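Comments concern the structure below.
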Amino acid sequence: MRKTNADNLFGGNNTVLAPMAGFTDVAFRSICHEYGCGLTVTEMVSSKALVMNNSATRALLARLANDSPCAVQIFGHQPQVMADSVQLPELSGFDAIDVNMGCPVHKIVSNGEGSALLENVKLASDIIRALRLATDKPLSVKFRLGVSDSKGAVDFAKMCCDSGADFITVHLRTRKQMYSGNADYSILPDIVKAVDIPVIANGDVIGRQQYLHLVNDCGAYGVAVGRGALGRPYIFAQLLDKPYQFDIAGTVRRHANTLLQYKPQRVVVNEMKKHIAYYLKGLRNAKSVVVAVQNASCVDEQIQLVQNFCAKEDIIND
C-alpha cells in the first residue's frame, strides 16, 4: 500500500462514523469520538451552497473542540465549484475532505450528484482531480457498489485511486437497494486487491463480529458505521474491544444541550425526537415515553421524560 495523506489521519484507529443526513450532527459526532471513534464525518453539504454562502448549509459545519479528526463530506457535480468550496476558510479546520458519490436519494441523483456519478465515471474522475489540485488535505471518496449490481465496483475504485483519492469508503450496497437488503461483502476483497490505498468498508456493521470479518477476512483497512451507531455511540468501544459505560439519560441531555448552542429550540426539539427514539430503541416499556417525546413542546420536557423513564426502569448504565 502506497503512502498517502491518510496515513496520519487515523492514527491507528480504523473506525469511522459514516455521514448520515440529519444524524451526524455536531453533538453526535462528539459523543461518538468519546466512545473511541477514529474519524467522524459531517452530514453531506452542498459545494454549490457553500460557495453561494448559504447560511443553512454553513450551519452544518459546526465543530466542537474534541471533534477531531473530522472530515467534511461535500457533494456536487461541477468540478470547479467543488474545488472552490474546499478552499473556503470555513473548511480549513477540517482534517479531511470526503466526496459523496453514493447518495441514492432521488433529488440528489436527478441532479447528477451522489450515486449518479457511478454512471458518469469521467465526471467523477474530473471532480476528484480538481479537488486534489485544490487541497492538500487527505481526500476520500465514498461510493456504492453500483446502480443495480457490482460489476463496475472494482473499476470505479481504481479510478478513484488513479485520480488522486487518498482512501475510499465503499458502501457495500447498490443504489437500487437504497438502505434495504443486505450489504454484499463478497466483492470487497477484489476491491482491496485492485487499489493501493486504504479501503474502508461500510454496510451492516453492528458489532465486533462484522468488524473483524471485514478487516481480517476481507482485507479492509477499517470500517465505517452508519445506522449501527444510531442510539449506540458506544459501538465504537465495542468494535475496538474497549470497556465503556453508557448513561442514556446523561447522553440525551448532553446531546440536546449541545445542539441548543447552535440551533433554535424548535429545531432541536424536532431533531431530538429521532435521536431519542434510537437511544431508547429496544428497551422494555419505552414505547410510551417515545410517543411522549414526539409530542413534547420543548427540549427540557424531552430530557425530563427520558430521565424519568430511566429512573423508573432502573436504566442508568448499560
Side-chain angles (χ1 to χ4, degrees), residues 17-35 37 40-68 70-76 85 88-94 98 100 103 105 107-108 111 113 226-227 229-233 246-281 286-310:
L17 173 64
M20 292 175 284
F23 285 102
T24 51
D25 54 54
V26 59
F28 191 62
R29 297 197 311 268
S30 174
I31 292 167
C32 288
H33 263 306
E34 292 190 355
Y35 280 99
C37 179
T40 60
V41 187
T42 68
E43 302 171 65
M44 67 177 190
V45 296
S46 165
S47 283
K48 183 176 180 179
L50 286 173
V51 171
M52 295 179 68
N53 199 26
N54 180 278
S55 59
T57 299
R58 294 190 177 222
L60 298 174
L61 303 178
R63 295 283 302 278
L64 289 177
N66 70 337
D67 183 25
S68 187
C70 179
V72 57
Q73 187 184 73
I74 59 173
F75 73 94
S85 73
L88 293 170
E90 290 84 357
L91 269 61
S92 63
F94 286 92
D98 184 52
N100 184 307
C103 180
V105 176
K107 69 177 181 179
I108 300 295
N111 202 38
E113 300 165 339
R227 288 174 295 169
L230 296 180
R232 305 170 62 232
F246 182 52
D247 177 357
I248 295 177
T251 301
V252 167
R253 182 171 58 252
R254 181 187 157 197
H255 195 148
N257 287 334
T258 300
L259 288 183
L260 284 172
Q261 298 176 36
Y262 300 94
K263 302 179 181 182
Q265 172 93 207
R266 59 179 176 78
V267 174
V268 177
V269 168
N270 284 328
E271 293 192 0
M272 286 308 299
K273 290 176 181 178
K274 58 193 176 186
H275 280 295
I276 291 172
Y278 274 106
Y279 281 127
L280 300 182
K281 185 177 181 179
K287 184 175 181 180
S288 61
V289 72
V290 170
V291 172
V293 164
Q294 305 304 308
N295 295 320
S297 59
C298 68
V299 170
D300 285 345
E301 183 182 354
Q302 291 177 320
I303 294 172
Q304 193 62 55
L305 284 165
V306 174
Q307 288 177 332
N308 292 346
F309 169 74
C310 289

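In this text, all values refer to a predicted model and were calculated from it rather than measured experimentally.
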For [X] versus [Y], what's the shortest heavy-atom pair and its separation?
X    : Y    : answer
L230 : F28  : CA-CZ, 4.2 Å
L305 : A296 : CD1-CB, 4.4 Å
F94  : L61  : CZ-O, 3.6 Å
M44  : C103 : CE-SG, 3.8 Å
G231 : P233 : C-CD, 3.4 Å
S85  : S47  : OG-OG, 2.9 Å

Does [Y] offer a backbone N or O that forms a donor-acceptor pair with the side chain of [X] under 3.5 Å?
X    : Y    : result
N111 : K107 : no
R253 : I303 : no
R29  : V41  : no
R58  : E90  : no
K274 : G22  : yes
Q265 : V299 : yes
S30  : D67  : no

Which distance, rounded to the nearest 0.5 Å, do you find between the [atom1] of [X] and the [atom2] of [Y]?
X    : Y    : atom1 : atom2 : answer
N100 : Q73  : CG    : CD    : 4.0 Å
C37  : L17  : SG    : CG    : 5.0 Å
N270 : Q294 : CG    : CD    : 9.0 Å
T40  : H33  : OG1   : NE2   : 3.5 Å
E43  : T24  : CD    : OG1   : 5.0 Å

side-chain contact (heavy atoms from CB on, under 4.5 Å) between Y262 and D25, intermediate numbers included: CA-CA 10 Å; Y262 300 94; D25 54 54; over 6 Å; no
Pairwise side-chain contact, V72 with V45, heavy-atom cut-off 4.5 Å (strictly under):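 Yes, at least one pair of side-chain atoms sits under 4.5 Å.
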Check: L50 and L91 side chains under 4.5 Å, non-hydrogen atoms: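 SC-SC contact between L91 and L50 confirmed.
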Pair V306, Y279 - check side-chain contact (heavy atoms from CB on, under 4.5 Å), show working. CA-CA 10 Å; V306 174; Y279 281 127; over 6 Å; no
Report the residues that fulfil ring pair (Phe, Tyr, Trp, His ring centres under 6.0 Å) with F23, sequence neighbours left out, ordered by chain and then residue number.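 F23 satisfies ring pair (Phe, Tyr, Trp, His ring centres under 6.0 Å) with H275, Y278 once adjacent residues are dropped.
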Could you tell me which residues satisfy ring pair (Phe, Tyr, Trp, His ring centres under 6.0 Å) with Y35, sequence neighbours excluded, listed by chain and number?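 Y35: no ring pair (Phe, Tyr, Trp, His ring centres under 6.0 Å) contacts found.
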Would you please name every residue forming a side-chain contact (heavy atoms from CB on, under 4.5 Å) with Q304, sequence neighbours left out? Q307, N308
side-chain contact (heavy atoms from CB on, under 4.5 Å) involving P264 - partner list, sequence neighbours excluded: R266, V267
Salt bridge (Lys or Arg N to Asp or Glu O under 4.0 Å) partners for K48, two or more places apart: none
Mind checking salt bridge (Lys or Arg N to Asp or Glu O under 4.0 Å) for R227 and listing every partner two or more places apart, or none if nothing turns up? none
Which is it for S46 and M52 under the side-chain contact (heavy atoms from CB on, under 4.5 Å) test, yes or no, and what are the steps along the way? CA-CA 10 Å; S46 165; M52 295 179 68; over 6 Å; no
Would you check, one step at a time, whether the test side-chain contact (heavy atoms from CB on, under 4.5 Å) holds for V269 with K273? CA-CA 6 Å; V269 168; K273 290 176 181 178; 4.1 Å; yes
Member of V252, L259, N257 meeting the side-chain contact (heavy atoms from CB on, under 4.5 Å) criterion with H255: L259
